Amino acid sequence: MALPSKATHQQTRVHNERLVVRTVYDLGPISRADVARQTGLTRTTVSDVVTGLLDEGVVREIGRGPSSGGKAPILLEVDQDARLVVGLDLGEEHFAGSLVNLRGEIRRSVELPVAGRDGDDAVQLVFLLLDELLDGIAAPLLGIGIGTPGLVDSRTGTIRRAVNLDWRDLPLGTIVGDRYGVPVNVANDSQAAALAEYTFAGGDRVPNLIAIRVGRGIGAGLILRGALFQGDGSGAGEIGHTVVDDGGTLCRCGRTGCLETVAGMRSIETRAAAATGRPTDLDAIRSAADSGEPWAVAIVDAAGAALGRSIAGLIGALDVQRIVLLGPVTALGDCWLSAVRREAGGRVLALLADDVDIQVVRPKTNVVIRGASSLLVARELGLSLVR
Ligand SMILES: [Zn+2]
């Protein structure tokens, strides 16, 4: 991170502190000397900063490492439970929230049914959820991260539009921040997934990343040069509502033939039900496709191929190599994934396709909650994800 040439003493101190925390977080257990080598800071500066971090409890010493001749160095690591953040997932059926530690591990969870609440009633439900989560919290709270459907301006914490909750231009970040007195970040659910993948990747972190959530809706979260890219109207990555099938079926957005109507969970299950004559869930479709039943192979292949073609557009525009797929539809397995890869790779310049890496990730924990909380963890590490 480049500092302005007239950085004040205070700015330099904060910058150094975050650089050291991030290095210990990504590479720990690590000695002070190795932190100095990695960061380019002097050993004296690193020692001073580490002393402060030990006092605050963010970093701890965990004994001596292997010696390389002289006295074996003391190793440092980040105490992952020294600070907690709240992550919220404002889903369609439930509002879920968790206390999350600095590694994205969930320490406590609460879930409340939405039961048709919208407008101000839905805001009150957010307060209720937070009050329950924060009752008796065991470590200092860094802040609150909120993942929500809809168009979200993360720079201001404003939800521009969330249809199901009847929110329009709601400054949720400010409302929650005023009530709880901590920093609040708001992101949409696909963007939150991308943030989780980026922040918690540790030493495996790459600057450019696309995370695509494929569920009932389909959205991409774009991390470009280490920051969330939201576009001019906060709608970057809204690939689910680009039309891929002229004359296709009606979409809930009002258009026909959107990607969601071909590759989304609801459309896949509807097609399967029409083929089998009974309700058929994703697991059943996967089993049928794996055993080569033609109706299932056709549905799964068409869904994967449509998504792959959209991904080809993203690769062509952005040349991002790391693409991760998440969400319920990834349960369709290898047949689906190979269709995605085939179309994504087969429709871009071969030179670009060679380096593309498309993987399914199946996080054990709620990815929206982890992602929402990751914005606060990232801030603690000095990664400015929202610019
Ligand atoms: Zn649509």
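Please read all numbers here as calculations on a predicted model, not as lab measurements. Indexing begins at 1, ligand by ligand and atom by atom, following the structure's order.
Contact check on Glu197 versus Arg205 returns no salt bridge, with no Lys/Arg side-chain nitrogen under 4.0 Å from an Asp/Glu carboxylate oxygen.
None of Val20, Val24, Asp55 except one satisfies the side-chain contact (heavy atoms from CB on, under 4.5 Å) rule with Val50; the exception is Val20. A side-chain contact (heavy atoms from CB on, under 4.5 Å) with Leu172 holds for exactly one of Leu90, Thr148, Val184, Thr158; it is Leu90.
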Checking side chain to side chain donor-acceptor pair (under 3.5 Å) for the pair Thr44/Ser47: CA distance, chi angles, key distance, verdict? CA-CA 5 Å; Thr44 315; Ser47 284; over 6 Å; no
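Shown here are the protein N/O/S atoms lying under 2.8 Å from the Zn ion (ligand 1), water excluded: His241 ND1, Cys251 SG, Cys253 SG, Cys258 SG.
The CD atom of Glu260 sits 4.0 Å away from atom CZ of Arg252, with the distance rounded to the nearest 0.5 Å. Expressed to the nearest 0.5 Å, how far CG of Leu228 lies from CG of Leu209 amounts to 10.5 Å.
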